[in-house]
There are 2 protein chains.
Amino acid sequence: MNFVDIHLEPIQSDTKKKILETAIDFFSRKGYTGVSVRDITREVGIKESSLYKHFKNKDEILETIFLNFRIDSAIILPPVERIDAILEAIGPEEFLNTGLKNFMKHAEDPNMRSIWRIMYIEQFRDPLAKEIYSHDIVRKTVDFLALAFGRMIARQQIRPFDPMTLAVEYQYPLFTMIMEYIMVKSDGMDSSDVERKMSEHVRFFWSAVKP
Amino acid sequence: MNFVDIHLEPIQSDTKKKILETAIDFFSRKGYTGVSVRDITREVGIKESSLYKHFKNKDEILETIFLNFRIDSAIILPPVERIDAILEAIGPEEFLNTGLKNFMKHAEDPNMRSIWRIMYIEQFRDPLAKEIYSHDIVRKTVDFLALAFGRMIARQQIRPFDPMTLAVEYQYPLFTMIMEYIMVKSDGMDSSDVERKMSEHVRFFWSAVKP
DNA sequence: GTCTATAGTAAGATAGAC
DNA sequence: GTCTATCTTACTATAGAC
């Protein structure tokens with residue numbers, strides 16, 4: 001995974017990258033307040049004082065993680081302007097399946113999954129984490145889907161429900177499943193049950209809305 | 001709210017109760033590792049050493065919280081044996097609405113909502129919290145619903161889908177909505193949007209499965 | 001069951017040599 | 001950019017007087 005620092009510059013230094021990856025791993029398992037700078041530097045193999053040559057303080061590490069989450073999660077959804085073109089090309093059922101595939105690709109990276117865990121935890125403690133999760137993930141996704149379902153209805157590709165209701169009905173179960181998926185994978189367990197649930201959901205939803 | 005200690009004895013002492021409620025409040029906002037014994041005793045108005053007359057250590061406070069969550073969350077669902085009687089009495093749509101009402105009543109207590117936040121946070125860090133949330137909440141609820149939907153199908157009260165699929169389709173969106181509800185309420189914000197989403201979900205689901 | 005006092009450890013962070 | 005050394009504060013927990 002390619003990280004950027006808080007000035008959006010790519011992180012080149014191996015040590016800085018290792019600090020970040022270790023922090024991501026530890027924060028995701030113990031929470032930000034449950035991990036000390038000592039824990040991180042011990043794992044990286046440097047002294048505590050050296051860490052401060054790479055990050056101003058412990059908080060800047062978390063900021064960096066949040067920033068990279070923002071950037072990398074932004075590409076899960078295609079731009080709103082492309083909705084019509086996509087619906088034209090592949091139809092609504094495949095539209096939904098492709099969205100799922102996009103997320104799965106995004107979540108292939110273990111670092112990314114760990115960052116999801118961090119967002120889940122820190123949203124309760126950190127106002128910025130909460131803002132990022134509830135805005136960049138929840139709201140953005142639901143708004144995008146409401147638009148997409150609106151277009152599907154206009155094209156008579158699905159039955160005429162309220163688009164926002166459809167967006168919630170489609171995405172809210174997925175939010176729970178995504179959390180389960182992140183959990184299962186980070187425990188090194190088999191994820192096929194969760195993935196089956198996701199496919200089954202798309203199927204059920206489609207059967208409920210198809211014309 | 002009436003708490004019990006780790007030996008299942010009701011907590012009578014006002015100080016012990018105040019320690020527990022303060023811990024619940026603080027843990028729910030900053031996480032277990034983000035709150036010190038000092039933070040708690042300062043708020044309660046006692047010295048740190050006094051806290052150890054009530055709890056063996058910091059960990060025992062968390063154990064007590066988990067135990068009380070287990071006990072109080074267990075009464076959200078009626079016993080499995082009563083499913084048929086309930087379906088007989090009120091029918092499937094009202095069955096679902098009543099389930100929602102039961103949860104809402106359970107979540108009326110601010111302490112209870114704070115404990116839900118604690119479970120959300122600590123499941124990522126604490127194996128016991130994870131076990132409680134994923135078993136006592138997720139699995140138990142879904143299994144209960146699968147049974148209930150199976151009975152509804154046998155009674156021809158809904159269309160014959162796979163009961164487990166129905167359970168997931170019904171409950172997984174609610175898990176996300178419950179989390180939203182807990183969040184919104186603990187921020188002192190208006191919860192009517194989330195509550196509307198819940199009702200709307202029951203309506204949508206019912207329209208998808210009704211005979 | 002409260003307090004004062006204190007032990008012993010761990011925390012975040014900095015100074016300055018190399 | 002790494003290290004040693006250190007500062008200061010904060011942490012959990014206990015001893016013992018009242």
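In this text, all values refer to a predicted model and were calculated from it rather than measured experimentally. No hydrogens, no waters, no symmetry mates; every other heavy atom, side chains included, goes into these values.
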How far apart are the C-alpha atoms of A:Tyr120 and B:Tyr120, what are their side-chain angles, what is the distance that settles it, and do they pass the ring pair (Phe, Tyr, Trp, His ring centres under 6.0 Å) test?
CA-CA 8 Å; A:Tyr120 286 139; B:Tyr120 287 138; over 10 Å; no
Could you go through the ring pair (Phe, Tyr, Trp, His ring centres under 6.0 Å) check for B:Phe69 and B:Phe27 one step at a time?
CA-CA 14 Å; B:Phe69 180 76; B:Phe27 291 166; over 10 Å; no
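Ion pair B:Arg196/B:Asp193 flagged as a salt bridge, since at least one NZ, NE, NH1 or NH2 atom sits closer than 4.0 Å to an Asp/Glu carboxylate oxygen. Under a 4.0 Å N-O distance rule, the pair B:Glu108/B:Lys105 does not qualify as a salt bridge. Taking a cutoff of 4.0 Å between a charged side-chain nitrogen and a carboxylate oxygen, B:Arg203 and B:Glu200 qualify as a salt bridge.
Taking for each of B:Leu51 and A:Arg42 the nucleotide of DNA chain C with the nearest heavy atom, the 5'-most of the two is the partner of B:Leu51. Residues B:Lys58 and B:Lys53 both approach DNA chain D. Their nearest nucleotides, taken by heavy-atom distance, put B:Lys58 toward the 5′ side.
For B:Phe55 and D:dT14, the CZ to P distance is 15 Å, given to the nearest whole Å. Across the protein-nucleic acid pair, B:Lys56 atom NZ and D:dT12 atom C1' stand 14 Å apart, rounded to whole Å.
Looking at residues two or more places apart in sequence or on another chain, you find a side-chain hydrogen bond (donor to acceptor under 3.5 Å, both in side chains) between B:Glu180 and A:Tyr172, B:Lys197.
The aromatic rings of B:Phe144 and B:Phe95 lie parallel to each other, with less than 30° between the two planes, well short of the 60° mark. Ring geometry for B:Phe205 versus A:Phe204: interplanar angle under 30°, hence parallel rather than tilted (30 to 60°).
The C1' atoms of five pairs define one axis at each end of the helix from C:dG1-D:dC18 to C:dC18-D:dG1, and these two axes lie 0° apart (to 10°).
In the 5' to 3' direction, nucleotides of DNA chain C lying under 4.0 Å from heavy atoms of chain A begin and end at C:dA11 to C:dA15.
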Can you check nucleotides 4-9 of chain D for protein contacts, nitrogen or oxygen pairs under 3.5 Å, and list what you find?
residue: D:dT4; atom: O4; partner: A:Ser49; partner atom: OG; Å: 2.6

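We find the CE-CD1 distance between A:Met179 and A:Ile182 to be 10.0 Å, quoted to the nearest 0.5 Å.
In the region residues 3-24 of chain B, proximity to DNA chain D at under 4.0 angstrom, judged on heavy atoms, holds for none of the residues.
Remark: side-chain polar atoms of A:Glu21 are not paired, donor with acceptor, to backbone N or O of A:Lys18 under 3.5 angstrom.
Nucleic acid contact class of A:Val35 (heavy atoms, under 4.0 Å, all strands): sugar-phosphate only.
Of the candidates A:Ile121, A:Asn111, A:Ile178, A:Trp116 forms a side-chain contact (heavy atoms from CB on, under 4.5 Å) with just one, namely A:Ile178.
Annotation for A:Asp14: atom CG does not count as buried by contact number, only 12 or fewer foreign heavy atoms lying within 6.0 Å.
Listed by first and then second residue, the side-chain hydrogen bond (donor to acceptor under 3.5 Å, both in side chains) pairs involving residues 23-33 of chain A are A:Asp25-A:Arg29, A:Tyr32-A:Asp59, A:Thr33-B:Thr33 (not counting sequence neighbours).
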